[in-house]
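Below you'll find the structure, written out as structure tokens, and then a few comments.
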Number of protein chains: 2
Amino acid sequence: MPRPRAFDEESVLDNAMNIFWSKGFEATSIQDLVNETGLNRASMYASFGDKKALFLRVLDHYSQKISAERFADLRNIEDGRAAIEKTFRDAAKTGTAEGRHKGCLMVNSGMELAPHDPETAAIAHQAFRRAEDTFAAALNRAVDQGKISKGKNVRALARFLAGSFQGVQLMSRRGADQETLQDYCETILDALD
Amino acid sequence: MPRPRAFDEESVLDNAMNIFWSKGFEATSIQDLVNETGLNRASMYASFGDKKALFLRVLDHYSQKISAERFADLRNIEDGRAAIEKTFRDAAKTGTAEGRHKGCLMVNSGMELAPHDPETAAIAHQAFRRAEDTFAAALNRAVDQGKISKGKNVRALARFLAGSFQGVQLMSRRGADQETLQDYCETILDALD
DNA sequence: TGAGTTATAGAACATTCGTTCCAAAGTGTG
DNA sequence: CACACTTTGGAACGAATGTTCTATAACTCA
């Protein structure tokens, strides 16, 4: 009955995500989104609501697609300590890859908007908590496996790792050189000893 | 001969700094600056140039006034290890103080603008290097004083501390709770052992 | 006191912003 | 084929953006 959509919602979100990721919320204009997604203004507003609503959809999309992938090894590698180490080393590697100085959309958005936008603040906070819990789970595995001393305060260590992981994203976006980022990561991992 | 200025350049920079610090570059409008500084548009443009030029002046002002103060103890406390510990604990304390979730203007600006603005990127990079060197100096003092093991890689540790200090600012701006931030800081300091 | 100089106040500029509206286009069902 | 319905393209909206202009005010030095 109705005219069918000429676009794929998922790929529109992908494109919108990349613009927000690269430029941030404020610096991204509706015109940018129209240009890059190929989607018409009217269709954008009809399908996603206003700029802010689209942005929140994008944050969710990012969580499910990018964040999930970044933490996949941390969840799936059985050896808890190896899982943590690979997670950081991968982040350091992709963080210094050419033309990929975008950091993490969740961290970027938290920094840009959290102080004045409770909605984004809550999402960023929740994402941090999830990361913290995922690190805690890996740490508990590592303790059980005898790869990390039983004497460690797992919760504090998990918070440290989650915070430091954000730090890696931060330094990556700021364009830190590979050597600095590697030193940073390796010293973080030394905290596991 | 000329009509004298009705404003104090320093206090205008102070006010402008606080707006940029709180809202970021993009979200701060000229109107905001006019309202908050009390300075007229024409006078702003005559004295500081356009928005970007004013922003760069503000970054410099921040470096001299706020950054310098934040790193004063790190430079001045003779005991290198105590200097480092106090620097982090103070940052964690002020970072969770009510209504002070602004983080660090240098970190914020690097995150927001570095990927697309080489000028800001260079300034943020230089600020990081300065912090790294200041931490390295304190670490060297601590090693000489026998407060930190001789076996440590001071350069890597300095990079770690500088990166982690940015992380504290990040978490503070994102509105992390006090307990999380304390755990984060204490674990960072454990790396000195 | 008046000439010279610069700051001030605020109107005015073109452009871009986010958003809405409307007519045309495309689909499946009666 | 025509109806009901939704998407599409693009014009149009007012408000806000960064910036400039003009006229007036305030001061110092001759």
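All heavy atoms count here, side chains included; hydrogens, waters and symmetry mates do not. In what follows, every chain begins at residue 1, and chains take the letters A, B, ... in the order their sequences are listed.
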[X] [atom1] to [N] [atom2], straight-line distance once rounded to whole Å:
{"X": "B:Glu9", "N": "C:dA7", "atom1": "CD", "atom2": "P", "answer": "11 Å"}
{"X": "B:Lys51", "N": "D:dG18", "atom1": "NZ", "atom2": "C1'", "answer": "8 Å"}
{"X": "A:Leu54", "N": "C:dT19", "atom1": "CG", "atom2": "P", "answer": "10 Å"}
{"X": "B:Tyr45", "N": "C:dC13", "atom1": "OH", "atom2": "C1'", "answer": "12 Å"}
{"X": "A:Asp50", "N": "C:dT20", "atom1": "CG", "atom2": "P", "answer": "8 Å"}

For residues 38-45 of chain A, which side-chain N or O atoms pair as donor and acceptor with protein atoms under 3.5 Å away, sequence neighbours left out?
from, atom 1, to, atom 2, distance (Å)
A:Asn40, OD1, A:Ala42, N, 2.9
A:Arg41, NH1, A:Gln31, OE1, 2.7

Within a strict 4.5 Å, meaning less than it, do heavy atoms of the B:Asn18 and B:Lys102 side chains meet?
yes
Does the side chain of A:Phe48 reach to within under 4.5 Å of the side chain of A:Val58, using non-hydrogen atoms?
no
Ring-face cation of A:Lys51 near A:Phe20 (centre distance under 6.0 Å, axis angle within 45°):
no
Checking side-chain polar atoms at under 3.5 Å, does B:Gln169 have a donor or acceptor matched by the opposite partner on B:Arg174?
no
Could you run through nucleotides 6-15 of chain D and give me one letter per nucleotide, 5' to 3': B if any protein heavy atom sits under 4.0 Å from the base, S if only the sugar-phosphate is that close, - if neither?
BBSBBB----
Lys/Arg-Asp/Glu bridge criterion (N-O < 4.0 Å) met for A:Asp90, A:Arg70:
no
Closer than 4.0 angstrom, basic N to acidic O: yes or no for B:Arg81 and B:Asp193?
yes
Sub-6.0 Å ring centroid separation between B:Phe88 and B:Phe135:
yes
Could you list by number each residue of residues 13-35 of chain A showing a heavy-atom separation from DNA chain C of less than 4.0 Å, or answer none if no residue does?
A:Thr28, A:Ser29, A:Ile30
